[in-house]
Amino acid sequence: MSTPSFRLEADWNPEISTPGQLTISLVNTGDAPVSGFTLAVTSLFRIKPDSPIEGAQLLDQLSNYHLLAPEDGFVLEPGSRWSIVARQISHTLRHYTYGPKSAAITLSDGTMVLPEIVPMTLKGEPGAPIINTPERQPLADGETTISVIPFPAKVDVSGQRDLPAAIGFGAGPETARSAFEATSRLAERLFPGETLFGDSLAVKCADNRALRHGAYDIAFGDDVTLSASDMDGFRHGFITLAQILRGARRHPEDFTFPASGIISDAPRFGWRGSHLDVARQVYTVSEIKAFLDTMAWNKLNRFHIHLNDDEGWRLDVPEYPQLAEKAAWRGPGEILPPLLGSPFERHGIIYRADDVREVVDHGLAIGIETVPEIDIPGHCYCVLKALPHLADPEETGIYRSVQYFPNNALNPALDETYVFLEAVIKTLVELFPAKWIHIGGDEVADAAWSGSPQAKSMQGPNGWEGTFALQSYFLKRIQSLLSQYGKETGAWEEAALGGGVNADRSYLVAWKKSESGRELALQGYDVVLSPAEYAYFDMAQSNDWWEPGASWAGTVSLETCYSFTPAHDWPDDAQSKLIGVQSCLWCENLADRKLFDHLVYPRLSAIAETSWTPAATKDFRRFMAIQSLMPKARLG
Ligand code: TNX
């Protein structure tokens with residue numbers, strides 16, 4: 001018998017209906033007819049449940065997992081196609097990445113066949129995904145600078161020194177020597193085969209208590225002298241020197257190694273972060289470490305790791321083995337079906353204590369604190385599937401999250417919820433030394449808990465005060481648990497709803513709009529800005545259909561990303577509430593790891609420059625000349 005084979009095609013046509021028409025076609029590329037089969041597809045789009053579909057029945061669905069079957073008796077002949085048309089779709093589809101990401105055909109005898117998947121087209125027009133690296137744009141003729149990103153606060157240098165063979169450690173305090181050694185190991189990992197550190201130019205290091213945390217000065221003369229008051233300052237100085245050397249070697253027409261003068265540098269913000277969603281896709285410890293290395297070269301210092309979402313839980317909590325055994329896995333027969341491009345087999349990852357320590361220690365050695373996020377009470381679909389006793393047994397009705405997960409929020413009215421979270425927090429406190437723990441708080445559905453008698457019984461003096469009043473009660477209770485451990489609370493901006501968390505000892509990440517941070521600051525919260533329209537790396541970089549990513553917050557070109565000007569219109573009394581800036585990388589589209597570098601670099605460097613360099617010193621033209629020297633994680 002011949003081996004069955006298939007090709008899966010998809011097309012979006014926004015001109016046929018509103019918002020548009022999605023056609024999915026299965027082509028039989030084998031040489032025997034097939035019947036009695038089903039087709040399972042994961043994607044970014046979601047066909048709305050209970051909406052009419054032409055040519056198929058939707059047998060099952062969870063968020064973006066769809067199980068489809070042709071009408072009874074349908075036979076798919078060799079060389080012919082089965083087409084399904086759907087018009088009620090969760091989003092307007094704007095890029096090929098919204099289309100099918102993984103799929104499987106189950107034949108009538110139960111055999112599973114994986115089709116070839118063709119990237120989704122727009123109105124049938126052929127094309128190919130864009131995966132590229134922005135070109136370096138040289139400086140104007142005769143112009144020179146130093147090749148440093150983020151660009152230092154003050155640069156007053158001149159001349160051109162003969163290039164040293166490497167940056168060496170001359171003399172100085174023990175902190176400087178350790179910073180030198182850690183930076184030299186970092187450079188070896190990032191630029192294998194290049195000599196940046198060695199024993200050539202003997203940099204003299206000096207303690208200067210007048211410099212603030214992370215700040216440094218470099219004086220260029222016969223000697224090169226690096227001054228700082230702490231390890232971070234020395235590390236930053238050595239990174240700057242290595243960047244200067246690399247640039248001057250590669251593009252001597254644009255970049256100098258100064259002969260004299262001074263660089264006086266200090267970060268604009270204490271919080272210079274990057275978030276990574278390790279729930280939607282699987283990231284190995286070594287992939288995370290490679291990402292951290294690129295952060296460090298950009299002088300970023302906070303790694304916000306998003307450890308759970310509806311689609312997966314990543315942290316082993318020994319008291320609840322169901323998390324490691326069930327909630328971390330997707331696949332046929334698992335509590336979660338394949339989603340967002342995961343393969344049709346058991347697929348997932350759980351980080352055990354040693355894995356977490358490896359990530360945390362790797363970060364600390366290069367100046368990065370890892371801030372863990374457990375996203376509660378929403379985004380907990382897989383937790384509630386793995387631990388069904390955490391749901392109110394009397395709950396009626398179905399509410400859905402924006403991502404279409406049904407009843408996915410932990411219930412604030414149940415004692416068991418807090419027993420569970422105490423165990424989770426105990427694990428977090430043991431493994432993550434940073435002073436902050438981020439507790440999510442985003443995107444709880446408006447209707448959450450409205451069908452739970454136990455939640456309803458927690459009425460305020462004026463009756464049921466609604467989902468967000470209850471959310472506030474819940475988040476405050478978790479916040480006080482964290483403060484018993486001496487930890488501060490981080491959360492997304494929605495944690496201010498319904499009464500909010502206490503502003504004291506907390507920070508909120510403003511993500512919806514660049515203005516939302518200002519409101520939070522005026523309410524008294526410390527704010528980290530990560531506005532999606534500038535700082536979300538899952539946003540596509542142009543309107544081109546073939547540009548990967550999403551665009552619910554618009555498109556974020558490198559120039560747009562660079563143009564982000566934090567708090568430029570905040571009143572003076574709110575400015576002190578801005579503690580920093582971070583990027584976010586949500587990973588719905590990153591089953592295809594080849595997209596990682598394209599989405600992240602050099603936008604990571606643009607955010608790094610915004611978080612470090614004084615607004616008036618930023619310069620996109622200079623950035624475009626230097627950015628190509630910055631490292632990539634090369635995960636693809
Ligand atoms: C919104 S930003 C979310 C995430 C999604 C992201 C996609 C935030 C706090 N929640 O769940 O992954 O949009 O861009």
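This structure is a prediction, so every number in the text was calculated from the model and none was measured. One-based numbering, in listed order, for ligands and for the atoms of each.
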(message) Tell me whether the NZ or CZ atom of R302 lies within the 45° cone about the ring axis of W271 and under 6.0 Å from its centre.
(response)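 Here R302 passes the 6.0 Å and 45° test against W271.
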(message) So, using side-chain contact (heavy atoms from CB on, under 4.5 Å) as the criterion, who are the partners of S516 when residues are at least two apart?
(response)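 With sequence neighbours excluded, S516 shows a side-chain contact (heavy atoms from CB on, under 4.5 Å) to E493, A510, K512, K513, given in chain and number order.
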(request) Could you tell me which residues satisfy side-chain contact (heavy atoms from CB on, under 4.5 Å) with N407, sequence neighbours excluded, listed by chain and number? (result)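 Checked N407 against side-chain contact (heavy atoms from CB on, under 4.5 Å); matches are E395, I398, Y399.
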When the side chains of residues 432-440 are checked against the rest of the protein, which donor-acceptor pairs come out under 3.5 Å, sequence neighbours left out?
unit_1: H438; atom_1: ND1; unit_2: G440; atom_2: N; d: 3.0

(message) For a 4.5 angstrom cut-off between non-hydrogen side-chain atoms, does E443 reach Q403?
(response)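 A side-chain contact under 4.5 Å exists here.
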(request) Would you please say whether a donor-acceptor pair under 3.5 Å links the side chains of T294 and K632? (result)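 Their side chains do not contain a donor-acceptor pair, so the 3.5 Å distance test is not met.
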(message) Strictly under 4.0 angstrom, heavy-atom based: which residues surround ligand 1?
(response)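 Answer by chain and number: R280, H379, Q403, D442, E443, W492, W511, Y536, D538, M539, W552, W586, E588.
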